[in-house]
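Proteins come first, then strands; the chains are lettered A, B, ... in the order of their sequence lines, and each starts at number 1.
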Amino acid sequence: MTSAPGLVRDDLQPAPEPSPPQQVANLAVFALVVDLFGIALVVYGAKLLRDYNHGHVLATLVGALLVLISLYPLWPTIQGFSGARKRSGLLGGGQLVAARRAAARGREDASIGLGYGVAAIIVGCLMWLALTNQGAVADTFFRVNAWSQSFSQAIQGFWINIWVAVVSFVLVLIFGLVLAIMRMLPGRAGAPLRLIATVYCDVFRAIPAIVTVLLVVFGVPLAFTFTQTWNSAYLGVVALTLTYSAYVAEVYRAGLASIHPSQTAAARSLGLGYAQTLRAVLVPQAVRRMVPPLLNDFISLQKDTALLSIAAIPEVLTVTKLWESKLFTLAPVTLAAVFFIIITIPQARFVDYLVNKDAAKRAGG
Amino acid sequence: MAFLEIKDVRKSYGDFEVLKGVSINVERHEVVCLIGASGSGKSTLLRCVNQLEEVNGGEILIDGDTVTGAGVDLNRLRRDVGIVFQSYNLFPHMSVLKNVMLAPTMVAGVNGKEAKEKAMALLESVGMAEKAGSYPDMLSGGQQQRVAIVRALAMEPRIMLLDEITAALDPELVGDVLEIVRQLAHDGLTMLLATHEMGFAKEVASKVCFLEQGAILEMGPPKDIFENPQEERTQQFLSRVVKSGRL
Ligand SMILES: Nc1ncnc2c1ncn2[C@@H]1O[C@H](COP(=O)(O)OP(=O)(O)OP(=O)(O)O)[C@@H](O)[C@H]1O
Ligand SMILES: [Mg+2]
């Protein structure tokens, strides 16, 4: 280039000094301190566990195992130290690049030791929290004999939660679609129905679900006497459907809105009508994006089935609360919590998997 | 009577008037090029012709029939008017073949077998037959644009609107796409196209319209416009184009 002189000049940008390798030793020392603290906490936790179980052999073994695991972070930490030694050796020999590499590896090792050490501290603290105060926490939440007594009734109750969630969600998918279509009707002719659907969604997203459940389960049998013979779980289904349809309608609408308008333009310009464009072009593309948020709503719905307990429907929370007052421990309610955890976590993982897959695809495409 | 008559068309977005009374006639088998700076309203005008945008004034007639205003069967109109966009806009969830077959089967009611044969023949003619099963994501820009042209052609339009269809392509891919357009022009397809490829406009167009801020400043045979522009703004525009190496 022979353009104007001096947009780029060497004297304005002097060559920098070659960067020295990073420090390793201080990081490794810090990791070592953290590791030792973690080990101490876990050892103390293991002792509490053993004492609480009056030296029972199983508790002793579990404690010993945890202590062994907590020793693991020492290993990468030690490697970090050896990395620090290599670094200074190489640096002394003038091998700058090799010293940088050794330092990077050493820091990586020391960081691993540090990360696992922090995890050991957290585990140790949790053990201490659960077992402190002569095991008051464990007695309150985790009493094994309370679990075994209430288990079979709890699981029967939980079956109600499951079918209520599944039936409600099927109805929600249908009713939510009706609402979404109403909200998207075009033109002045569609305006009144649009308004109704919008108001519906706003109202039912505003009312706390527990209030809707209360109003429906207690109010409907009074207002419509023929429903008095119904299993009140059916009314619970109605209440949850009313609430969740408002959310799901929004998911449908947002999913369709997320498809770029150029897709609609392309379809319409080929002569496809509004409904044909929806069916052939928009919905198939939107569905993939709707699945994760729909699953999230389904997970919330499963958890909200516990709200039916305020209407004495014998689902899992109702049942376990009865056991709670019988046994004077919250352990049965913890059991209900465990049930929800067991069914919910795999679904949450699955949603994450779908989302990540989609993100990877978009990054790749 | 011209095949496509654009009469004093006006179009505003809110207070902003994008088209300020544009009139163009396109005869049957004629190729007309729209040139002009970015933002001058070329895309908007093309989108008005097939009613993707409603006009706020004036009138557009195709084969003597008004296509603007209320009561027009838009889906019928759009079967006769093909459009290809700068950004291809293929349907990403369908294979190349399905993209091409969609409108003939869904809108024109052609049966699947016949539509497939015709789609394959069209893809063959643009050298895309072996990509029939691929999805748009897997194709280069030039390949996608060739499919988009074929998709529009599958409806056997009587006029094609092309909106800067090579603007998003790498230079070495432009040639393939222009070759197809050249062939279509040779076959006698009526076309109205917006382009930044002045050399190409010079070659295929029978008429060039220079659009400036929503109005036609100059219109005439390519020879006149490119070699002897009358308006100062046209001269400026063309000299800038020459500088950027496009003429
Ligand atoms: N939907 C819209 N809402 C508001 N303004 C718009 C809209 N579409 C286009 N415009 C404006 O109208 C003007 C003309 O746009 P148009 O896309 O027709 O220009 P163009 O000549 O095709 O430009 P280019 O060469 O960059 O494609 C621009 O100023 C643009 O900002
Ligand atoms: Mg444009």
Side-chain angles (χ1 to χ4, degrees), chain A residues 1-4 177 180 184-191 251-294 354-365, chain B residues 43-44 46-53 70 73-95 98-110 135-139 144 147-157 159-163 168:
Chain A
M1 292 291 284
T2 56
S3 58
L177 183 64
M184 291 187 307
L185 289 175
R188 257 191 80 184
V251 171
Y252 284 134
R253 208 179 58 82
L256 286 171
S258 75
I259 306 299
H260 198 271
S262 64
Q263 288 286 307
T264 309
R268 297 308 297 273
S269 67
L270 285 167
L272 272 71
Y274 182 67
Q276 288 172 324
T277 302
L278 263 179
R279 194 173 81 230
V281 177
L282 299 183
V283 169
Q285 292 185 65
V287 162
R288 283 223 309 271
R289 296 187 196 176
M290 290 176 196
V291 168
L294 284 178
L354 289 179
V355 170
N356 288 339
K357 204 173 72 169
D358 200 45
K361 210 175 153 193
R362 268 185 235 178
Chain B
S43 301
T44 307
L46 293 179
R47 291 168 67 90
C48 284
V49 172
N50 79 344
Q51 292 287 287
L52 282 176
E53 304 286 349
D73 181 353
L74 292 180
N75 299 340
R76 170 71 235 177
L77 158 73
R78 289 173 184 149
R79 285 167 61 173
D80 287 342
V81 182
I83 185 165
V84 182
F85 304 93
Q86 176 177 334
S87 51
Y88 335 129
N89 300 358
L90 294 179
F91 305 128
H93 60 299
M94 295 181 189
S95 69
K98 283 272 155 54
N99 262 280
V100 179
M101 284 171 59
L102 178 71
T105 49
M106 199 167 218
V107 181
V110 180
Y135 283 79
D137 287 355
M138 298 144 66
L139 304 180
Q144 291 192 48
V147 174
I149 294 172
V150 161
R151 182 176 68 175
L153 287 176
M155 287 300 281
E156 298 180 349
I159 179 170
M160 280 276 266
L161 311 171
L162 309 182
D163 189 4

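Proximity of a side-chain donor or acceptor of B/H93 to a complementary backbone N or O of B/Y135 within less than 3.5 Å is not detected. Between the side chain of A/Q285 and the main chain of A/L282, no donor-acceptor pair closer than 3.5 Å is present.
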Between B/V147 and B/L90, does the side chain to side chain contact (heavy atoms under 4.5 Å, CB included) criterion hold? Intermediate values first, please.
CA-CA 8 Å; B/V147 174; B/L90 294 179; 3.9 Å; yes

For a side chain to side chain contact (heavy atoms under 4.5 Å, CB included) check, start with the C-alpha distance between B/R151 and B/L102, then their side-chain angles and the critical distance, and finish with the verdict.
CA-CA 9 Å; B/R151 182 176 68 175; B/L102 178 71; over 6 Å; no

Verdict with reasoning, B/N75 to B/V107, per side chain to side chain contact (heavy atoms under 4.5 Å, CB included)
CA-CA 8 Å; B/N75 299 340; B/V107 181; 5.6 Å; no

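In terms of the salt bridge (Lys or Arg N to Asp or Glu O under 4.0 Å) criterion, A/R288 has no residue partners (sequence neighbours excluded). By the salt bridge (Lys or Arg N to Asp or Glu O under 4.0 Å) test, B/D163 pairs with no residue at all, sequence neighbours left out. For the salt bridge (Lys or Arg N to Asp or Glu O under 4.0 Å) test, residues two or more places apart in sequence or in another chain that qualify with B/R47 are B/E53.
Using a 4.5 Å cut-off between non-hydrogen atoms, the part of residues 261-271 of chain A that approaches chain B consists of A/S262, A/Q263, A/A265, A/A266, A/A267, A/R268, A/S269, A/L270, A/G271.
Contact count against chain A (heavy-atom pairs under 4.5 Å) is highest for B/P92 among B/A152, B/P157, B/P92. Residue with the most contacts toward chain A among B/Q51, B/M106, B/R79, B/M155: B/M106 (heavy-atom pairs, distance under 4.5 Å).
Here the CG atom belonging to B/L46 is positioned 9.5 Å from the CZ atom belonging to B/F85, to the nearest 0.5 angstrom.
Neither the backbone nor the side chain of B/M138 has a heavy atom closer than 4.5 Å to any heavy atom of chain A. Heavy-atom distances place the backbone of B/V81, and not its side chain, under 4.5 Å from chain A. Neither the backbone nor the side chain of B/L74 comes within contact range of chain A; no heavy atoms are under 4.5 Å apart. Heavy atoms closer than 4.5 Å to chain A are found in the side chain of B/N50, but not in its backbone.
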